[in-house]
Amino acid sequence: MCGELRAVNAGQQVVLMGWVNRRRDHGNLIFLDLRDRSGIAQIVLDKELTPEGHAKGEHVRPEFVVAAVGKVRLRAPDAINPKMETGEIEIEATELRVLNDARLAPFSPAEEAIQNEEVRLKYRYLDLRRTEMQRNFRLRHQITLAIRESLSKQGFLEIETPILTKSTPEGARDFLVPSRVHPGEFYALPQSPQIFKQILMISGFDRYFQIARCFRDEDLRADRQLEFTQVDLEMSFPRQEMVFAVVEQFMKAAFASAGIELPIPFPRISYDESMRRYGSDKPDLRLPGLTDVHSAFTGDALATMQIDPALPIVALRIPKVGELSRKEREENHPLFDQKKGAKFVDDFKRLAKSFPEAAAKVRELTRADEADFVIVVAGDPAHSIKASDTKFPGRLSEREINVYAAAGNFRAELAKKYAERHGAFRITDQVVQDAQAWRSPQPLIDGCYAFHPMWLTDFPMFEYDLAQAKWVPAHHPFTAPIEADMANLVTDPASVRANCYDLAMNGLELGSGSIRIHRKDVQQVIFRALGISDDEARARFGFFLDALEYGTPPHGGIALGLDRIVMLLAGAANLREVITFPKTAKAIDLMAEAPTAVTGEQLKELHIRVALKS
RNA sequence: GGGGACGUAGCUCAGUUUGGUUAGAGCGCUGCCCUGUCACGGCAGAGGUCGCGGGUUCGAGCCCCGUCGUCCCCGCCA
């Protein structure tokens, strides 16, 4: 293997096979950099030593596939290349065989990713040859392996569930597959193995897991593809803490496989607290959170500034951004979500002029340095939004959540924009760039962790739908309420918390799970509370309701997005970097050119007629 | 469904502000030269429907309208 040869291999006879990364022709001496997945080695073709090999070498071009026969030799001291892992040696070729030629590639796999993602995806096989992509998928393999090993050690069995199945209750649009045998009927691809894994608990498999492909026919995002992979698990007789412990173990193992030490247990935070402190249900803890600065403003000041005193007033702080010009600030304004009924103050000079005490207090409360950029976000009384401002005791109102979310989104956007300046995301970048580091078992920087996992708990069971004027489920219908809140299900739905939990890390939702309902009577109450009729429940998952009646153990579990975990560890900003053949934002595979129309013959066999809108 | 950014040589980009002769650069590519390079070097050369369609104009890469594609976001989706 090209990249594995070292000084100790000097003198060995070898046959190296791989792709020509680069060719340097010095006339009677030709250097070939030969690349395979292990790395690059330099082949020397000397006209005196191998006239034939040298002659072939003259016609070799980038990405030709060749075999070089020869001896490993130490380079002369002044010819050592310290930038190459194999820089101390080279192959003195006695023979060169051209195994295959190659057309001129639209871009070179020897170089960094090109900007044009269309071309990258169309020629994905060339893109995947790049060192960075090879590294990403090796990383993905190692992470997957570590998770399998950890879960197996913890007593989980890996069990497969169907891909051709029935619509599951996840709420997204299904991908449908027509049945040839049953005209007019369709299978659905699983949005998750949810019902099957719960049935596996009923079947007595105790602890199940699966690295499961899931499918959701919704619009794509940087962190969302049509098909994605989940680490899906379920266990019998659990409590939240037991699920957390299992996940923490395998996450620790997964990160260790990438050379990152992840301290456990992970911190926990309630949903309400997360909204207050980060304006998000997937907080990024690499930067300071939001600060409640209501106390900095007098009633008069709020009236003058036209800020709603009944709503939260929070400050966000992005460190080390420095002072921004008016133009720079204005360029940031589109990053603020106008639709949340919130407004912001980012001109601190003006604020200090009108309300010097308030401005000083805000900077004091946020512990802002001179160079830190601070923005105050507050409710806009003038703004009419479609949101309920009904305040249920012990629970954030929708308008409050909107103000926090506006601040949280703004914080995340600005953090992304000024990543260079605050440097809080840098350690992740370093993981990417340092090709050695990812293999190292040592943490990259002692005591400084680039990855901040966080459990979120105590989600509300229901959300109030203003349009329908009723409480609707915030989760899938098998999520159990927290035991203590069970009594309030009908009388006070607002106060009921769900026995479910999310795992977030660095501003991404990594996974979501819950303790499930295992009793039929509770399930019926929930269905009723969710406005799902008996008939509807029976039609959608009657088989599951039947199964529930045959001795269902208490059970619960979670599913974590494997692609997202790999993305974080690869330091990638997009899922496409860790998925071999991803789809574009318009849901197209540019290489395979899918989807496509199919023949009339195929449609006929499937009893399908296509009716396109004109 | 909506908002934003982008689209000029194989790739990365300049040129668009203020319409004006034959659209440029770097890398890559082709040919020749070169025995110690490793982003090799030197000389010469090829390569463009300026995404596509229409319009305004004496004249459009540049202005207007439409359309397509890629990316990011909202909606949607845990």
Side-chain angles (χ1 to χ4, degrees), chain A residues 21-34 40-49 54 58 61-63 75-84 86-87 90 92 103-123 126 169-174 191-192 194 214-226 228 230 281-282 331 333-340 405 409 412-413 416-417 456 459 473-476 479 498 500-504 508-514 558-561 564 573-574 576 583-586 588 590:
Chain A
N21 201 55
R22 280 201 174 85
R23 188 180 73 108
R24 290 177 296 281
D25 187 343
H26 287 240
N28 288 329
L29 192 66
I30 297 172
F31 298 100
L32 295 183
D33 287 341
L34 198 62
I40 291 171
Q42 174 167 283
I43 314 292
V44 185
L45 295 165
D46 191 325
K47 198 168 190 176
E48 282 177 23
L49 267 164
H54 178 272
E58 285 186 317
R61 290 293 177 269
E63 302 310 311
R75 296 195 192 186
D78 60 344
I80 287 174
N81 184 352
K83 285 186 281 184
M84 268 174 100
T86 60
E90 62 192 3
E92 177 189 275
R103 287 173 63 181
L104 175 63
F107 59 89
S108 169
E111 285 165 17
E112 292 205 343
I114 57 168
Q115 292 301 304
N116 187 337
E117 205 141 350
E118 230 174 313
V119 176
R120 273 186 77 191
L121 289 173
K122 181 168 181 197
Y123 299 92
L126 297 177
E170 297 290 325
R173 276 182 274 258
D174 284 318
Q191 294 181 30
S192 85
Q194 185 63 33
C214 305
F215 306 85
R216 291 178 191 172
D217 187 8
E218 297 293 344
D219 287 350
L220 296 82
R221 287 283 193 285
D223 59 353
R224 267 164 41 190
Q225 281 274 320
L226 298 183
F228 56 99
Q230 293 210 320
D281 57 2
K282 42 185 192 214
E331 280 167 3
H333 289 182
L335 300 175
F336 187 79
D337 187 350
Q338 302 286 341
K339 292 188 290 253
K340 298 273 186 206
N409 292 343
E413 290 295 331
K416 214 187 293 173
K417 177 159 178 183
L456 281 94
F459 287 84
H475 318 279
H476 68 64
T479 303
C500 69
Y501 32 82
D502 276 6
L503 179 62
L508 270 190
E509 183 195 310
L510 282 191
S512 187
S514 65
I558 192 166
L560 270 67
R564 288 181 181 177
N574 194 293
R576 290 186 299 274
K583 315 258 185 307
T584 67
K586 281 258 170 68
I588 287 167
L590 288 175

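In the text below, chain A, chain B and the rest are named by the order of the sequence lines, each starting its count at 1.
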Exercise. For atom CZ of A:Phe215, is the number of surrounding heavy atoms from other residues, nucleotides or ligands below 6.0 Å larger than 12?
Worked result: yes

Exercise. If we call it a pair only when both distances are under 3.5 Å in a Watson-Crick or G-U wobble match, what pairs with B:rC13?
Worked result: B:rG24

Seminar exercise, completed: Residues pairing under side chain to side chain donor-acceptor pair (under 3.5 Å) where one sits in residues 108-121 of chain A, two or more places apart or in two chains, turn out to be A:Glu117-A:Arg576, A:Arg120-A:Asp127, A:Arg120-A:Glu577

Exercise. Does A:Asp217 have any salt bridge (charged side-chain N to carboxylate O under 4.0 Å, His left out) partners at least two apart in sequence or in another chain, and if so, which?
Worked result: none

For this session: State whether a side-chain donor-acceptor pair under 3.5 Å links A:Glu48 with A:Asn28.
Result: no

Exercise. For RNA chain B, whose closest nucleotide is more 5', that of A:Ala222 or that of A:His475?
Worked result: A:Ala222

Exercise. Listed by chain and number, what are the salt bridge (charged side-chain N to carboxylate O under 4.0 Å, His left out) partners of A:Glu58, not counting sequence neighbours?
Worked result: none

Exercise. Whole Å only: how far is the CG atom of A:Asp281 from the P atom of B:rC77?
Worked result: 14 Å

Seminar exercise, completed: Here the pair of heavy atoms bringing A:Ile40 nearest to A:Asp33 is CG2-CB, 3.8 Å

Pairs under 3.5 Å (N/O, protein and nucleotides 66-69 of chain B):
residue : atom : partner  : partner atom : Å
B:rG69  : O2'  : A:Glu118 : OE1          : 3.2
B:rG69  : O2'  : A:Glu118 : OE2          : 2.6

Problem set entry | Out of B:rC71, B:rU35, B:rC11, whichever nucleotide has its closest atom nearest the side chain of A:Asn116 | B:rC11

Exercise. Under the salt bridge (charged side-chain N to carboxylate O under 4.0 Å, His left out) test, which residues partner A:Lys583, sequence neighbours left out?
Worked result: A:Glu227

Seminar exercise, completed: Contacts of A:Leu49 meeting side chain to side chain contact (heavy atoms under 4.5 Å, CB included) (sequence neighbours excluded), chain-then-number -> A:Asp46, A:Glu92

For this session: Go through B:rC71, B:rU12, B:rC29 for me and flag the one nearest to the A:Arg576 side chain.
Result: B:rC71

Seminar exercise, completed: Across all chains, not counting sequence neighbours, the ring pair (Phe, Tyr, Trp, His ring centres under 6.0 Å) partners of A:Phe228 are none

For this session: Can you figure out which of B:rU12, B:rA78, B:rG31 approaches the side chain of A:Gln115 most closely?
Result: B:rU12

Exercise. Just by distance, do the side chain of A:Gln191 and the backbone of A:Ala172 share a donor-acceptor pair under 3.5 Å?
Worked result: yes

Pairwise N/O distances under 3.5 Å, protein to nucleotides 5-10 of chain B:
residue : atom : partner  : partner atom : Å
B:rG10  : O2'  : A:Pro106 : O            : 2.5

Exercise. When the distance from CG of A:Leu126 to P of B:rC11 is rounded to whole Å, what number comes out?
Worked result: 13 Å

Exercise. Below 4.0 angstrom from OP1 or OP2 of B:rC73, is there any side-chain N or O of A:Arg224?
Worked result: no

Seminar exercise, completed: Sorted by chain and number, sequence neighbours left out, salt bridge (charged side-chain N to carboxylate O under 4.0 Å, His left out) with A:Arg173 holds for A:Glu218

Exercise. Looking only at atom P, what distance separates B:rC58 and B:rG19, rounded to whole Å?
Worked result: 15 Å

Problem set entry | 4.5 Å side-chain heavy-atom contact, A:Val119 and A:Lys122 | no

Exercise. Can you tell me the Watson-Crick or wobble partner of B:rU67, both distances under 3.5 angstrom?
Worked result: B:rG51

Problem set entry | Protein proximity profile, nucleotides 36-44 of chain B - base contact B, sugar-phosphate-only contact S, no contact -, cut-off 4.0 Å on heavy atoms | BBBSB----

Exercise. Taking only N and O in the side chain of A:Arg221, is any of them less than 4.0 Å away from OP1 or OP2 of B:rC74?
Worked result: yes

For this session: Find the distance A:Gln191:CD to B:rC77:C1' and express it as a whole number of Å.
Result: 9 Å

Which pairs, protein N/O on one side and nucleotides 45-52 of chain B N/O on the other, fall under 3.5 Å?
none

Exercise. By side-chain hydrogen bond (donor to acceptor under 3.5 Å, both in side chains), which residues pair with A:Asn409, not counting sequence neighbours?
Worked result: none

Seminar exercise, completed: Nearest heavy-atom approach of A:Arg75 to A:Ala79 is NH1-O, 3.0 Å

Seminar exercise, completed: Partner of B:rG19 under the Watson-Crick or G-U wobble criteria, both distances under 3.5 Å, comes out as none

Seminar exercise, completed: Across every strand shown, the nucleotide meeting Watson-Crick or G-U wobble geometry with B:rU57 (both distances under 3.5 Å) is none

